[in-house]
Structures are given as structure tokens and as C-alpha cells.
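Because the structure is predicted, anything quoted here is derived from the model rather than measured. Counting from 1, the numbers follow the sequence of the chain as shown.
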Amino acid sequence: MSIKFSSIFEKSIFVQLLKKYNYQFTVRDIVAGKIIGFEKKSVLIDIGAKTLAYLPISEISKFQVFSTKEIFSSDEIGEFILIIYNPVKKTIIVSLKQLKSLLIWQRLKELARENLIVSGQVEKSTKQGKLITSQGFKGFVSNYHLPKYYRRKQLNKLNLPLKFLKLSENNNKILMSCKLAHFKNQTNFLKVQQVITGCITDIKPYGLFVNIYGLKGLLHISEISSKRIENLTKLFKKGQLITVTILYINLNRGRISLSSKPFESVDIND
């Protein structure tokens, strides 16, 4: 997400913008400003206050900036965030970099709140997982949250479907999951109470793991029979086909619970 500037604004438009932000200036306010000059390491901006605001070169971009005149020109108008406001000392400092970051985080929180899937590009592979970039931010996907195929491959520049796991604005950390994104996409073909045939992929003392359309579901031992079962390996084998009923699908945890008992009413826990 970027802040666009235009040098074709008329003076009246700038006045209208200042009226839009006509309030007592407070740190972290978003303000409209007009570029009126340049210094060696800053840009001079009129935000409608009695003192001109400074945009330091360090607050323009997270990337190194060599010349402010290569980015801006006089009379351009845009929005900035106020980071220092001291009218007594006649010091006003604004930031473009922090405004971009604020807007990105607002967008991220909205996407996470709506439980949406986004596309991210793999920038680097590590022993722990993949570093990705998406929509102006950088995130991390641990190996646990990657399908096995993607763990073994470098696959730099590959685009992956991703869901948000954890956002930490204070630490500037974004954790994501490719597994949950795949899970959400594939569960569009499934529904609670659906009867389906799957393949047993693993047998544990507490139940069977069943492959359904490439997704792993758990058939708990208590959902196999009303009678006590001592040893599941005596009744089932890996690779065996089994007909099951979907009890519930948990999109947040990426889990499917199954039953092979005659279907009864169950609680749906989405």
C-alpha cells in the first residue's frame, strides 16, 4: 500500500484538505500537507500549523533514500502522520514511513478478522520455515504450517495461499499458515453430516486418521463403536477404505472429526 502524491492539485483543493483536518494537532494524527521546500536531510511541509513541519529523510521510506527531490517536488500534496508536535519549541515532525506502516497494519487486522486467505510470495527458505512477502508486509510460515511438499523445496518466488495465525504489531511479527489456507479451500467440498469414503493413513491407540480429499480427519475410537475396542490394529489396516460421517469441521484449528457410528444429531462447532 503506497501513498500517492500529485503535483496538479490546485490551491483550493489544499485548503479543503486542511479544513478536513481542522482540529487541535495531536501526536499520531494523520494530517494533510503541502511540500514547499527542501533541506539537505528533510522536506519542509505546510500542514496548516503556525510552524512548518519537517519530514526527515529517515521517515520517508524503510529503504535508503539518497535525494528527497528524486521522490517529491514542490507543491505536491499528501497525507502524513504526526510523530512530534511541540508548538512551544516550534518543532513539528511528520512521517510518511510510519503512516504506510499504520495503514498496512490496519489492513492486516481487517483481513485477519474476516478470516480471509491471501497470497504470499516465498522470499527465503530457512531451517524453520519460509519468509514471505504479501501486500507490502513480510511474514513467516513455520514448517509445521507448510504442507510437506513445500517444506522440502526451496521454491523461492513461489506464491502460496496463506491464512493469518498471529499478528504482533508491537514486535512487528506476522505468523501465517499455508496448511490452514489449503484446509479452508478444500473444505468447501465438505459439509457436516456428509457421508464419505476415505482411506486410513495412520492407526493410533486413540483412533484412526483418515484421508478425505487430501485432508486428514480423525475418527476417534469412541466414534467407531459403542463397544470397548482393545486394539484398533486388529480391526483396521493402513490403506483400508472406510465409510465415515463428518461430525464437525474446525476451520481455525484445521481439524475434521469423523464418526463411523450410525448418524445421530451432533453439535456443529465451526
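Under the 4.5 Å side-chain heavy-atom criterion for ILVMFWY residues, a single connected hydrophobic cluster contains both Val141 and Val122. Transitive grouping of hydrophobic side chains (ILVMFWY, heavy atoms separated by less than 4.5 Å) brings Phe137 and Leu158 into a common cluster. Linking Ile, Leu, Val, Met, Phe, Trp and Tyr whenever their side-chain heavy atoms come within less than 4.5 Å leaves Ile117 and Leu215 in two separate clusters. A single hydrophobic cluster is not seen to contain both Leu162 and Leu131; linkage of ILVMFWY side chains at heavy-atom distances under 4.5 Å, directly or through other members, places them apart. Residues Val195 and Leu218 do not share a hydrophobic cluster, defined by chaining ILVMFWY side chains whose heavy atoms lie under 4.5 Å apart.
In this structure, the side chain of Glu114 does not engage the main chain of Leu111 through any donor-acceptor pair within 3.5 Å. In this structure a side-chain-to-backbone donor-acceptor pair under 3.5 Å is present from Gln194 to Lys191. Formation of a donor-acceptor pair under 3.5 Å by the Asn231 side chain with backbone atoms of Thr233 is found in this model. Not a single donor-acceptor pair under 3.5 Å links the side chain of Asp46 to the backbone N or O of Gly33. Side chain of Lys184 to backbone of Asn115: a donor-acceptor contact under 3.5 angstrom is found. In this structure, Lys163 contributes its side chain and His182 its backbone to no donor-acceptor pair below 3.5 Å. For the pair Thr26 (side chain) and Asp29 (backbone), a donor-acceptor distance under 3.5 Å is absent.
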Verdict with reasoning, Leu82 to Ile84, per side-chain contact (heavy atoms from CB on, under 4.5 Å): CA-CA 6 Å; Leu82 193 59; Ile84 295 178; over 6 Å; no
Steps toward side-chain contact (heavy atoms from CB on, under 4.5 Å) verdict (Phe25, Ile47): CA-CA 10 Å; Phe25 292 108; Ile47 63 170; 3.9 Å; yes
Steps toward salt bridge (Lys or Arg N to Asp or Glu O under 4.0 Å) verdict (Glu39, Lys41): CA-CA 6 Å; Glu39 293 189 347; Lys41 293 186 177 181; over 6 Å; no
Arg107 and Glu110: CA distance, side-chain angles, deciding distance, salt bridge (Lys or Arg N to Asp or Glu O under 4.0 Å) verdict: CA-CA 5 Å; Arg107 177 59 177 159; Glu110 181 182 342; 3.4 Å; yes
Glu123 and Thr133: CA distance, side-chain angles, deciding distance, side-chain contact (heavy atoms from CB on, under 4.5 Å) verdict: CA-CA 7 Å; Glu123 292 297 325; Thr133 59; 3.1 Å; yes
Trace of the side-chain contact (heavy atoms from CB on, under 4.5 Å) decision for Ile242 with Thr197: CA-CA 6 Å; Ile242 184 171; Thr197 299; over 6 Å; no
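Atoms NZ and CD1, on Lys40 and Ile57 in that order, are 10.5 Å from each other to the nearest 0.5 Å. The SG atom of Cys178 sits 10.0 Å away from atom CD1 of Ile132, with the distance rounded to the nearest 0.5 Å. To the nearest 0.5 Å, atoms CG (Leu219) and CD1 (Ile256) are separated by 12.5 Å. In this structure, the separation between OG on Ser101 and CD on Glu169 is 6.5 Å, given to the nearest 0.5 Å. Once rounded to the nearest 0.5 Å, the distance linking CD1 of Ile174 with CG of Leu167 reads 6.0 Å. With rounding to the nearest 0.5 angstrom, the NZ atom of Lys204 is 14.0 Å from the CD1 atom of Ile221.
Heavy-atom minimum distance, Ser58 versus Lys97: O-NZ, 3.0 Å. Shown here for Ile92 and Ala49, the closest heavy-atom pair between the two residues is CD1-CB, 3.8 Å. The two residues Gln121 and Asn159 come nearest to each other via the heavy atoms CB-OD1, 3.4 Å. Of all heavy-atom pairs spanning Leu99 and Ile81, the tightest one is N-CG2, 3.6 Å. Residues Lys179 and Pro147 approach most closely at CG-N, 4.0 Å, considering heavy atoms. Listed here is the closest heavy atom pair of Ser134 and Gly120: CB-CA, 3.8 Å.
You'll find the side chain of Glu59 stays beyond 4.5 Å of the side chain of Leu96, heavy atoms only. Using a 4.5 Å heavy-atom threshold, the side chains of Ile224 and Leu232 count as touching. Annotation: side chain of Pro87 is not in contact with side chain of Thr51 (no heavy-atom distance under 4.5 Å). Looking only at side-chain heavy atoms (C-beta outward), Phe209 and Ile203 stay at 4.5 Å or farther from each other. Using a 4.5 Å heavy-atom cutoff, the side chains of Leu247 and Glu223 are in contact. A 4.5 Å side-chain heavy-atom check between Ile45 and Ile36 finds every atom pair outside the cut-off. Looking only at side-chain heavy atoms (C-beta outward), Ile83 and Gln98 come within less than 4.5 Å of each other. Using a 4.5 Å heavy-atom threshold, the side chains of Leu44 and Phe38 count as separate.
Around OH of Tyr54, the count of heavy atoms belonging to other residues, nucleotides or ligands within 6.0 Å does not exceed 12.
Under the 6.0 Å distance and 45° angle rule, Lys173 does not count as a cation-pi partner of Phe140.
Counted by atom type alone, Ser142 and Gln128 present zero donor-acceptor pairs between their side chains at under 3.5 Å. Lys130 and Ser125 share a donor-acceptor pair across their side chains, judged by distance under 3.5 Å alone. A donor atom on one side chain and an acceptor atom on the other are not found under 3.5 Å apart for Asn211 and Lys216.
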